[in-house]
Each structure stands twice: as structure tokens, then as C-alpha cells.
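For reference, the structure discussed in these notes is given below.
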Amino acid sequence: MTRMTLVALMLAAAPGTAIEREPLETYRARRQHLAAELGGAVVVFAAPARDLVEYRQDNDFYYLTGFGEPDAVLLLDSTGAALEETLFIPERDLEEERWTGVKLGPGPGAEEATGVANVAPLDEFDVRFVAAARRAGAVYTVRGQEAAAALRGGAPPNTEFRDASGAIASLRLVKADTELALLERAIDITMNAHRAAAGVIAPGAMEYEAEAVIEYEFRRAGAERPAFPSIVGSGPFSTILHYDRNDREMEDGDLVVVDIGAEYSGYAADITRTYPVNGRFSERQREIYQIVLDAQKAALARVRPGARLRGPDSIHSAAREHIESAGYGEYFIHGTSHYIGLHVHDVGSTQAPLEPNMVFTVEPGIYIPEENIGVRIEDDVVVTADGYRMLSDFPREIDEIEALMAGRD
Ligand SMILES: [Mn+2]
């Protein structure tokens with residue numbers, strides 16, 4: 001059995017939804033790891049539900065539980081002989097479920113479904129938290145979680161509050177094989193969407209027509225949503241980094257930057273290609289495109305364990321030096337890489353030495369507003385024992401892009 005087959009078997013779809021979860025033991029191992037590292041009491045909140053806003057779970061909470069419902073709290077209490085982990089969730093409300101659909105209630109069924117040892121009613125949280133905080137002295141919460149701020153009022157005097165974000169980020173930085181499988185699915189879906197976009201890009205077509213086929217491909221493949229607003233920027237808008245109006249008519253002779261990513265089972269892809277609207281790069285476009293492509297190759301050549309995203313001799317500096325040596329340094333105005341994972345700009349230090357199973361983008365660009373030329377090429381890679389594996393294996397050479405536009409690919 002290949003490793004990928006094994007991973008596919010380990011990923012089980014939750015009943016009644018297309019969302020794939022990792023094995024419950026994986027989430028449990030993360031909770032144990034975090035509790036062992038921090039000690040004391042750790043409190044992590046689920047994202048609250050908001051009316052008429054599509055629900056999305058908090059990333060740290062999801063990473064530790066795989067639980068997708070709102071208004072829950074995780075308490076990891078390391079003050080006893082063994083870790084006591086409790087997930088607090090609201091009691092079922094049958095009247096409300098007529099509006100929201102069936103939810104999981106506390107008890108043995110929920111313990112089996114989530115793999116958390118204890119699943120208790122939410123209204124028991126306050127008493128249990130105060131008892132744990134009194135024993136622990138130090139309480140770890142996640143910086144920025146709104147509900148965490150409110151905990152302070154109810155905590156025993158002398159409770160020391162500390163931040164758990166850094167410890168969780170260090171865990172999230174190195175992907176499990178089961179996370180990698182979800183990322184690869186998000187990336188595959190995004191490559192299919194690029195292929196579909198290349199099929200509709202033409203003089204006279206609107207940018208939003210490309211956006212529409214992209215997001216159609218995402219959703220029909222089971223992706224929950226775009227991981228970030230889809231960027232289809234043509235002509236002058238190819239030089240605007242986060243352009244997302246996508247309402248211009250594409251013209252003969254334009255370049256169009258398509259920067260998109262599906263979110264699949266929580267995990268975000270991020271792939272950019274720059275296409276010539278009429279199917280053929282002009283001489284000048286070709287020149288700039290090749291510089292960006294070669295900068296990307298120089299950056300990729302540095303990817304291996306121990307390398308860094310930023311700093312001297314980093315992946316970023318390889319791309320920057322190449323573009324500077326070609327004379328376009330002032331037109332490369334962003335970083336070369338960011339991690340991807342549960343967030344498209346995933347957590348983790350850009351100074352950290354790379355390790356196998358870290359996943360990030362490599363995306364140099366040159367933007368010349370006075371010529372309406374913007375070129376960005378962005379791919380997703382995973383670090384391996386001796387280098388990297390390209391996850392977004394999609395046309396990027398000039399003749400490959402032109403062949404794709406001509407439908408000959
Ligand atoms: Mn990116």
C-alpha cells in the first residue's frame with residue numbers, strides 16, 4: 001500500500017458533509033503535545049456563530065479538535081496526574097434546531113464523535129474553569145480570541161494569563177501527512193480552476209467571467225469556498241496586488257494576473273499565473289515574464305531543510321537578487337513566500353529554519369504601472385528530506401502558458 005493510499009484511508013468524511021477530517025487520534029495527539037509543553041490550564045474557544053454570516057471555525061480550535069460547530073470551549077487541565085481534556089458544547093435545543101439543523105449535544109455520543117475524553121454542557125464551563133485555574137496558577141489562552149478576554153473577569157485572583165498562540169503556531173507549521181493530503185486536494189482543485197480560467201480569458205471577456213468559472217470549479221469539486229477573494233486583474237489592474245473588483249473587460253494585448261485558491265476541508269491553496277489575454281506574450285511581456293520565472297527558479301533552488309524564507313541567503317533574497325540584477329528591484333514590492341495551511345497566510349515564523357513537511361508559496365513578481373505590465377508566478381511547495389516537492393505542478397514556462405491558452409495543452 002502506498003503512503004498516499006494509507007493517508008486516503010485514514011481521512012474519513014464526517015457523516016452528512018463533504019468535509020474530511022483527520023483521524024481523531026491526530027487531534028488528540030496535538031492536545032496532548034500542547035498540554036505537555038505548556039502545563040497549567042489551556043483554554044481555546046470555538047468561533048462564535050453570527051446571524052447571516054457563513055460559519056467558519058477558528059483555526060487553532062479546529063487544529064486541536066477537528067470540531068466544526070460554534071460556541072464551544074476546549075479546556076486542557078494538566079494539574080492532575082493525567083491530562084484532563086474537556087470539550088464544552090451547548091445542550092441541544094430542539095426548537096432552535098428547526099432553524100439551524102441538528103447539532104451535537106454533550107455526552108457519550110459526542111465523546112465518540114469528537115474523540116475528546118469528556119464532552120460536557122457549556123454551562124458547566126465557568127465552575128470547571130475556576131477550579132482548574134485555581135490549581136494551575138497559569139492559564140493559557142489564544143491571543144485575539146474575544147471570549148478569552150472575558151475569562152479574566154471570572155478568574156481567581158493572582159491567576160497569571162499567558163499566550164498559547166506561539167506554541168500552537170509551532171505545531172501548525174509542520175504539517176501532518178493527513179494535512180498535506182487535504183492541502184494537495186485544495187491545490188489540485190485550484191489547478192483545475194486555473195485551467196478553466198485559461199479557457200475563458202480572451203479579448204472582450206470580462207474579468208468576472210473568469211472569476212465565475214474559477215469559483216464554479218472550486219465548489220463543484222467540494223471546496224467550501226475561495227480561501228481569499230479571487231484576483232483576476234487585467235491590463236492596469238495586473239499591477240494592483242490585491243485587486244478583487246474583477247469587473248474590467250479584458251483587452252487584446254493585456255496581461256491578466258489570476259491569483260486564486262480553493263479552501264478544501266479547511267486548508268487553503270494559493271496559486272498565481274499570469275496569462276496573455278490574446279494567447280501570445282508580446283516581446284516586452286515575454287522579457288519581464290522570463291525574469292520573474294527565473295527569479296522563482298532561483299528561489300526554489302534554495303528550498304531544503306535548514307533554509308529560511310527571509311533573511312540573508314534566504315529563499316526571498318534569491319528571488320530579490322535575481323530581479324535586482326535584472327534592473328527591476330524597485331518593481332518587486334512584496335515578499336516571496338508565506339506558509340499555507342488552515343489560513344492562506346498561515347502561522348509560523350518566517351525566520352524558522354525549514355523542516356520537512358512545511359508548506360509555503362514561492363511567488364516573485366514585477367509590477368510596472370507605467371507600462372500596465374504586472375507579472376506574478378506563484379506555486380506551492382512542501383519541504384522534503386533533501387529539497388522540496390512541487391505541489392502545484394501546472395504550466396508556467398512561456399511556451400507552456402501559450403499552449404494552454406491555445407487549448408493545445
Ligand atoms: Mn500568496
Side-chain angles (χ1 to χ4, degrees), residues 59 169 172-173 175 179-180 182-194 197 210-211 214-215 218 223 225-233 237-244 246 255-264 266-275 289 292-293 295-300 302-303 307-310 314-320 322-323 331-350 352 354 358-367 374-383 388-396:
N59 288 329
R172 281 174 55 185
L173 189 48
K175 270 61 182 178
E179 289 182 285
L180 200 50
L182 299 177
L183 271 166
E184 290 193 63
R185 182 84 185 109
I187 289 165
D188 286 347
I189 293 169
T190 304
M191 289 192 286
N192 285 336
H194 260 290
E211 178 188 14
I214 287 161
E215 296 187 7
F218 286 177
R225 57 180 75 83
F228 55 90
S230 300
I231 297 170
V232 182
F237 298 120
S238 67
T239 70
I240 307 296
L241 298 188
H242 285 176
Y243 172 75
D244 60 6
N246 302 347
L255 288 177
V256 57
V257 170
V258 177
D259 183 348
I260 57 172
E263 178 186 317
Y264 181 79
Y267 284 81
D270 189 2
I271 304 172
T272 306
R273 286 293 180 271
T274 302
Y275 302 99
Y289 189 98
V292 175
L293 186 60
Q296 193 200 35
K297 289 175 182 174
L300 286 167
R302 287 214 180 141
V303 180
R308 287 176 164 79
L309 296 188
R310 309 266 334 197
S314 64
I315 286 151
H316 176 60
S317 67
R320 169 146 287 290
H322 182 82
I323 290 175
Y331 296 102
F332 177 25
I333 54 178
H334 55 74
T336 301
S337 298
H338 55 82
Y339 301 112
I340 57 173
L342 285 168
H343 197 287
V344 65
H345 290 174
D346 210 29
V347 293
S349 166
T350 55
L354 294 178
M358 289 186 183
V359 184
F360 56 89
T361 65
V362 180
E363 50 170 315
I366 293 178
Y367 312 91
V375 174
R376 178 162 65 257
I377 306 169
E378 176 177 38
D379 284 286
D380 302 338
V381 300
V382 58
V383 182
Y388 69 93
R389 185 160 62 87
M390 176 64 74
L391 300 177
S392 47
D393 186 14
F394 191 80
R396 68 179 70 75

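Atoms within a ligand are numbered from 1 in the order they appear, just like the ligands themselves.
Residues that satisfy the salt bridge (charged side-chain N to carboxylate O under 4.0 Å, His left out) test with Arg185, not counting sequence neighbours, are absent from this structure. For Asn192, the side chain to side chain donor-acceptor pair (under 3.5 Å) criterion is met by no residue, not counting sequence neighbours. Residues that satisfy the side chain to side chain donor-acceptor pair (under 3.5 Å) test with Asp380, not counting sequence neighbours, are absent from this structure.
A side-chain N or O of Ser230 and one of Glu215 form a donor-acceptor pair less than 3.5 Å apart. Checked by atom type, the side-chain pair His194/Tyr275 shows a donor-acceptor distance below 3.5 Å.
Protein N/O/S atoms found under 2.8 Å from the Mn ion (ligand 1): Asp270 OD2, His338 NE2, Glu363 OE2, Glu378 OE2.
With respect to Lys175 and Glu184, no salt bridge is recorded, no charged nitrogen being found less than 4.0 Å from a carboxylate O.
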